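Note that the structure is predicted; figures quoted are calculated from it, not measured. Computed from heavy atoms alone, side chains included, the values below leave out hydrogens, waters and symmetry copies. Residue numbering restarts at 1 for every chain, and letters A, B, ... go by the order of the sequence lines.
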Amino acid sequence: MAPVTDEQVEAVRALVAAIPSGRVVTYGDIAAAAGLSSARTVGWIMRTDSADLPWYRVIAASGRPAPHLAARQLELLRTEGVLAVDGRVPLRVYRHRLEI
DNA sequence: GACTTGACCGGTC
DNA sequence: CGACCGGCCAAGT
């Protein structure tokens, strides 16, 4: 397979790290902005190498993070001013506009 | 090298 | 709104 290049990983890491406090971004947005082939790859990167990243600012397009992280992630976001409504974040309000 | 797993997405029913 | 499906891509077994 064609492993993700370090550049791609760095691009994703940079984008995630660049998300300002109080804002969130979807996996798909990051994938597109970083030039990755699919949003799944972003999820893979988060899973493997998210130690030094604000991964909690990355959520699914549904406005709701993965089940196992939802509670904790929403709590972390809440401390930054991102108020989740009924377990999901209103993307139309908090979605950060990535570099166009 | 085939099969499964997983922090996804969009469309359809 | 919830469930199912196909597509997507990398890693682990």
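We find that OH of A:Y27 is positioned 11 Å from C1' of B:dG6, with the value rounded to whole Å. The CG atom of A:D6 sits 14 Å away from the P atom of C:dA10 (whole-angstrom rounding). Rounding to whole angstrom units, OH of residue A:Y56 and C1' of B:dA7 are separated by 16 Å. Atom CD1 in A:I30 sits about 11 Å away from atom C1' in B:dA7, given to the nearest Å. The distance between atom CE of A:M46 and atom P of C:dA10, rounded to the nearest whole Å, is 15 Å. Here B:dA7 presents its P atom at 21 Å from CZ of A:R88, a figure rounded to the nearest Å. To the nearest angstrom, P of C:dA10 lies 16 Å from CG of A:D49. Per the geometry, CG belonging to A:L77 stands 18 Å off P belonging to B:dA7, to the nearest Å.
When distances are taken from the side chain of A:R40 to each of C:dC9, B:dA7, B:dC8, the shortest belongs to B:dC8. Comparing C:dC9, C:dA10, B:dC9 by their nearest atom to the side chain of A:W44 picks out C:dA10. You'll find that the side chain of A:R47 is closest to B:dG6, out of C:dC9, B:dG6, C:dC1.
Using a 4.0 Å cut-off between a side-chain N of Lys or Arg and a carboxylate O of Asp or Glu, A:R97 and A:D29 do not qualify as a salt bridge.
Heavy atoms of A:R72 sit nowhere under 4.0 angstrom from any nucleic acid atom. Contact annotation for A:S50: base contact, defined as any heavy-atom pair under 4.0 Å involving a base atom.
Within a 6.0 Å sphere centred on CZ of A:R13, other residues, nucleotides and ligands contribute more than 12 heavy atoms. No more than 12 heavy-atom neighbours from other residues, nucleotides or ligands sit within 6.0 angstrom of CG on A:D6.
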Is there a side-chain contact (heavy atoms from CB on, under 4.5 Å) between A:R72 and A:L76 once you walk through the steps? CA-CA 6 Å; A:R72 175 156 135 169; A:L76 285 169; 4.2 Å; yes
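Side-chain contact between A:W44 and A:V4 is present, with heavy atoms from C-beta onward closer than 4.5 Å.
For B:dA7, there is no paired base (Watson-Crick or G-U wobble, both distances below 3.5 Å).
Take the nearest nucleotide of DNA chain C for A:R64 and for A:T48: the residue whose nucleotide is more 5' is A:R64.
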